[in-house]
Each structure stands twice: as structure tokens, then as C-alpha cells.
Peer 1: 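Mind looking over this structure? Questions follow.
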Protein chains: 2
Amino acid sequence: MELGFIRIHILHHTAIEPVYGSEFQAELKRHGYEIAFGTLYPIFHRLEKDGYISSKKENVKGKIRKYYNITEAGIAILKQANVKANELVAELNEND
Amino acid sequence: MELGFIRIHILHHTAIEPVYGSEFQAELKRHGYEIAFGTLYPIFHRLEKDGYISSKKENVKGKIRKYYNITEAGIAILKQANVKANELVAELNEND
DNA sequence: TGATATAATATCGATACATGATATAGCTTC
DNA sequence: GAAGCTATATCATGTATCGATATTATATCA
């Protein structure tokens, strides 16, 4: 799978702590990425279906949250994406 | 426009030297990105239509090449993308 | 000359992904 | 038990990507 900025952010974040959709949308916004729920939730579903993250439902004051954590497979492609991102940045900063 | 890795590579490269499609596909492949002509050419067209690159046809041994160069507007969004890419990489390398 | 080869760009129909709007779920509180 | 709240899910439409096929403009060579 070819990972874009959003998916890399998701995998990176789920590697640090459990993440749920609604809060994560706000987090992305703080970083300057506006993403619709209609985009974000299907991305989570797809990443889970492909085995890169796993979910656990939790009941917080009557609101169900679905916390996602990265899996081993997720860590693996995140590393690849990390390499690609570093290469890109190195190249961009080369000819300044 | 939200720029992904491919578009950033295109803008960066056209900022350095004139670029044409077929050769650039090979260049991307060297960097580990496989992109179909059916994807690449429409991306060039769209970037040109939006004013981020401009083209000039050139006849090389009977084969027409369309060389693209970045425009002022292209330089501007490339800078923005550069900032985003640097932020991403900084974050990725934070918690190692 | 004119048939064939070549390198490149362009386009097409099918599939996949993103979007904004709307619906659903599960508790709490009054 | 109705209303409110937070969160997730889904839907119809629009946009992007793909692999395959068509088109273009010359060069080469019989």
C-alpha cells in the first residue's frame, strides 16, 4: 500500500498511544490537515482490515470510543514510509 | 490542493530542470515509486491547468517531448509542502 | 517513396478512494 | 422515558488511479 501523509500520521500516532477517530481528527487539524469523518473512518476500517492497526471498543461516559493500536505489520510499513519521507525531505533540502 | 509524495516530487524536480513524462516515470521508479502513465500524464495536465507548471513541446529525433517547468505559483505551494514534509519527518523521528 | 520501427504523449472504461451530509448507537440526566 | 451528547457508520456523488490501447511525428532502410 502507498501511504500518504494522513495514513503515516495515523500509524505513527497509534504506535505511541491508543487513538480514536473523533479526537484524532482534531489532532490532525492542529497539524493543519482537514479531514472529513467520511474519509477518516473508512481509512481506519481499511487499515484495520489490512492488519496494520487493531481496535478495542471502550465505553467512556456512555459514548463508545473505538481505540486503535498499531500492529506488528503496521510498524513494518510505518518504517518503510519513514524511510520514504526522510528521502523526500533530504532531496527537498538538497538544492536550497 | 493537498500534495502527495508524487506531486511534491514533480514540483521539486521541475524546479531544478525541465522534466518530461516518460523520463520522469523512470526517475520516480528509481526512487521506489511505481506510477502508471495513465496516472502520471493527467497529473501533469492538472498541475499545468492549475498554473503550477508550464509546458513547452520539443522535437527530439522525431519524438515529441513535452517539457515542464515550475511556475511562481508552483514554487509557492512547493514551499508549503516542504514545510509539511519537514514537520512530518520531525515528528516521526521524535520518539525513536 | 513508402513501410516499419520507435519514443513519447493522450485517452478510455473500470475500479478505488475522498467528500459532506445524514443516520445510528449507547449511555446520562432530568 | 424523552432529550441531549459524543462518537461511529454509511450513503450518493465526485475525483483519482489503473492498465490497456490509440495516436503522433519523425527516422531508417528496402
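Every chain is numbered from 1 and lettered A, B, ... according to where its sequence line falls, protein lines coming before strand lines. What you see is a predicted model; the values in this text were computed from it and never measured.
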Peer 1: Kindly check if the number of other-residue, nucleotide or ligand heavy atoms within 6.0 Å of CD (A:E17) is above 12?
Peer 2: yes

Peer 1: Hey, does the side chain of B:K61 come within less than 4.0 Å of C:dA8's phosphate (OP1/OP2), counting only N and O?
Peer 2: no

Peer 1: Is it true that a side-chain atom of B:N86 and a backbone atom of B:N82 form a donor plus acceptor pair closer than 3.5 Å?
Peer 2: yes

Peer 1: Rounding to a whole Å, what distance do you find between A:K66:NZ and C:dT24:P?
Peer 2: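 Atom NZ in A:K66 sits about 18 Å away from atom P in C:dT24.
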
Peer 1: Can you work out whether B:K63 or B:Y68 has the more 5'-proximal nearest nucleotide on DNA chain C?
Peer 2: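 The residue mapped nearer the 5' terminus is B:K63.
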
Peer 1: Where along residues 37-52 of chain B does a heavy atom come under 4.0 Å from DNA chain C, residue by residue in number order?
Peer 2: B:G38, B:Y41, B:H45

Peer 1: For B:A85 and A:L88, work out which heavy atoms get closest and say how close.
Peer 2: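 Looking at all heavy atoms of both residues, the shortest contact is CB-CD2, 4.4 Å.
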
Peer 1: Can you give me the first and the last nucleotide of DNA chain D (5' to 3') that has an atom within less than 4.0 angstrom of a non-hydrogen atom in chain B?
Peer 2: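 Extent of the interface on DNA chain D: D:dA16 to D:dA27.
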
Peer 1: If every non-hydrogen atom of A:L40 is compared with every non-hydrogen atom of A:G21, which pair is closest and at what distance?
Peer 2: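 Answer, listing the atom of A:L40 first, then A:G21: CD2-O, 3.5 Å.
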
Peer 1: Using atom CZ of A:F5 as one end and atom P of C:dC17 as the other, report the distance to the nearest whole Å.
Peer 2: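 To the nearest whole Å, that distance equals 19 Å.
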
Peer 1: Any donor-acceptor pair under 3.5 Å linking the side chain of B:T14 with the backbone of B:Y68?
Peer 2: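 Looks like no, no N/O pair under 3.5 Å.
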
Peer 1: Using only side-chain N and O atoms of A:R7, determine if any of them is under 4.0 Å from OP1 or OP2 of C:dA18.
Peer 2: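 Yes.
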
Peer 1: Of the options C:dG26, C:dG20, C:dA18, whose atoms approach the side-chain atoms of A:N59 most closely?
Peer 2: C:dG26

Peer 1: Search all heavy atoms of A:Y20 against all heavy atoms of A:K66 and return the closest pair with its distance.
Peer 2: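 Smallest interatomic distance, heavy atoms only, reads CB-O, 3.3 Å.
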
Peer 1: Would B:N69 and B:K56 satisfy side chain to side chain contact (heavy atoms under 4.5 Å, CB included), going step by step from the backbone distance to the final call?
Peer 2: CA-CA 8 Å; B:N69 283 280; B:K56 196 175 59 171; 5.6 Å; no

Peer 1: Name all residues meeting the ring-ring contact (aromatic ring centres under 6.0 Å, His included) criterion together with B:H9; count only those two or more places apart in sequence or in a different chain, and write none if there are none.
Peer 2: B:H31, B:Y33

Peer 1: Does any nucleotide pair with D:dA30 by Watson-Crick or G-U wobble geometry, both distances under 3.5 Å, and what is it?
Peer 2: C:dT1

